[in-house]
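Data block below; observations after.
Quick note: residue numbers are just sequence positions, from 1. These figures come from a predicted structure and were not determined experimentally.
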Amino acid sequence: MKGAPWLIVAAVGAAVAAAWLWQPGRSGASAASLRAPAAVADGAAAAKTAAAGRGADGLSFAVGGNPGQLGQGAAAAPQPETPAEKARKEQMRKLGYQIEARYYRMSLAELREQARLGNPQALTHLAERYLFQLDGHPREPDYEPGFRYRDEAREALQQAYAQGNAHAAAMISESYLLDKQVDEAAAWNLVARRAGDALSADWFLKTKDYQAMGDQQKAAAAQRADQLWKTLQQRKPR
């Protein structure tokens, strides 16, 4: 995309759908193909590496691109976009699916400082880095023993949501789903839907975990979602 800042889609949530939206020639998208946890685990690191080394050539491997083809992107003629594709891209941009490449190049200290200042993209990628690059990876240079990465990631995502990243609610939902805390995942999924992130919310309904939930569980999740919604609204800047 000549002349425009290169954007990387957030490594968490609806990754295959997001990859389709940023690759020409795709005819459809579905959030039902969330990457498996093993693939997600290295997503933020792969995205950071690709972003640092490849600039505007294409997608990182973290969101479905082929890093071996990143340098070849400029030679291919761009495919025309349909109005539906343009509308879907704009919807995802507004919801917060995209993260500028510069955040993937930041050190952890720089990222934390930007997050401290309330930058929603920094908060979102800080959560990604906590969840998928550092949590459970003691060999990482930035790993801190005893640091509560998952709790801090969810707190960062709540702050990002309060600062306008509606997709952060779905990312929290997916983090709980990976932890097999299905009731909490369902509650956050309802928050995501209320926030307008139907792409991720619809994906969740197709999971085996959700389909195995009983009526009482769903009712409890709805009550929990109401509580979360009120709390989140109170955190938004006045």
Side-chain angles (χ1 to χ4, degrees), residues 5-15 18 35 37 39-55 59-63 92-176 178-179 181 184 188 191-192 195 197 200 228 231-238:
W6 183 56
L7 297 170
I8 296 180
V9 182
V12 187
R35 288 177 295 125
V40 173
D42 294 324
K48 179 183 176 185
T49 300
R54 292 296 184 178
L59 291 171
S60 76
F61 181 69
V63 292
M92 293 182 70
R93 184 191 67 79
K94 290 180 178 180
L95 287 171
Y97 277 76
Q98 300 163 4
I99 295 179
E100 294 179 31
R102 63 191 180 96
Y103 294 101
Y104 288 83
R105 293 191 291 265
M106 288 182 181
S107 68
L108 182 60
E110 292 172 326
L111 196 60
R112 281 174 166 168
E113 176 60 19
Q114 289 296 311
R116 186 187 66 80
L117 296 174
N119 183 311
Q121 291 208 351
L123 285 161
T124 302
H125 182 52
L126 180 62
E128 290 180 326
R129 206 173 288 188
Y130 282 167
L131 287 170
F132 307 126
Q133 184 178 350
L134 296 174
D135 184 42
H137 295 275
R139 294 184 180 180
E140 284 288 328
D142 289 328
Y143 181 81
E144 301 170 52
F147 191 85
R148 299 173 64 87
Y149 285 109
R150 297 188 187 192
D151 291 340
E152 292 296 331
R154 289 163 183 152
E155 171 59 25
L157 288 170
Q158 288 191 46
Q159 293 181 41
Y161 179 92
Q163 294 295 330
N165 184 349
H167 181 53
M171 295 172 70
I172 296 173
S173 172
E174 290 163 7
S175 77
Y176 279 115
L178 291 175
D179 278 351
Q181 298 185 47
E184 193 71 5
W188 278 100
V191 171
D197 191 1
S200 289
L228 292 170
T231 301
L232 290 168
Q233 298 312 302
Q234 293 171 356
R235 299 188 67 164
K236 290 188 175 182
R238 301 295 181 183

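Taking CZ of Arg105 as the reference point, atom CG of Leu111 lies at 12.5 Å (rounded to 0.5 Å). Atom CD of Gln121 and atom CD of Gln98 lie 8.5 Å apart (nearest 0.5 Å). Note: Arg154 CZ to Leu131 CG = 7.0 Å, rounded to the nearest 0.5 Å. Once rounded to the nearest 0.5 Å, the distance linking CG of Leu126 with CD of Gln133 reads 10.5 Å.
Every residue two or more places apart in sequence or in another chain that forms a side-chain contact (heavy atoms from CB on, under 4.5 Å) with Gln159 is listed here: Leu123, Glu155, Arg235. A search for ring pair (Phe, Tyr, Trp, His ring centres under 6.0 Å) contacts involving Tyr161 returns nothing, not counting sequence neighbours. Scored by the ring pair (Phe, Tyr, Trp, His ring centres under 6.0 Å) test, Phe147 finds Tyr130, Tyr149 as partners (sequence neighbours excluded).
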_For a side-chain contact (heavy atoms from CB on, under 4.5 Å) check, start with the C-alpha distance between Leu108 and Glu144, then their side-chain angles and the critical distance, and finish with the verdict._
CA-CA 12 Å; Leu108 182 60; Glu144 301 170 52; 4.2 Å; yes

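Remark: Arg129 fails to qualify as a cation-pi partner of Tyr103 under the 6.0 Å distance and 45° angle criteria applied to the six-membered ring.
Of all the heavy atoms in Thr124 and Pro120, the pair that sits closest is OG1-O, 2.7 Å. Listed here is the closest heavy atom pair of Ala192 and Ala170: CB-N, 3.8 Å. Summarising the geometry of His125 relative to Glu128, their closest heavy-atom pair is ND1-OE1, 2.8 Å, with the distance given to 0.1 Å. Across Ala122 and Gln114, no two heavy atoms sit closer than the pair CB-CB, 3.5 Å. Contact detail for Val191 and Leu228: the closest heavy-atom pair is CG2-CB, 4.0 Å. Annotation for His167 and Ser200: closest pair CE1-OG, 3.3 Å, computed over non-hydrogen atoms.
With hydrogens and angles ignored, the 3.5 Å screen pairs no side-chain donor or acceptor of Glu140 with any backbone N or O of Asp135. Side chain of Arg150 to backbone of Asp179: no donor-acceptor contact under 3.5 angstrom is found.
Under 4.0 Å is where a charged nitrogen must lie from a carboxylate oxygen, and between Asp142 and Arg112 no such pair does.
The aromatic ring centroids of His137 and Tyr143 lie 6.0 Å or more from each other.
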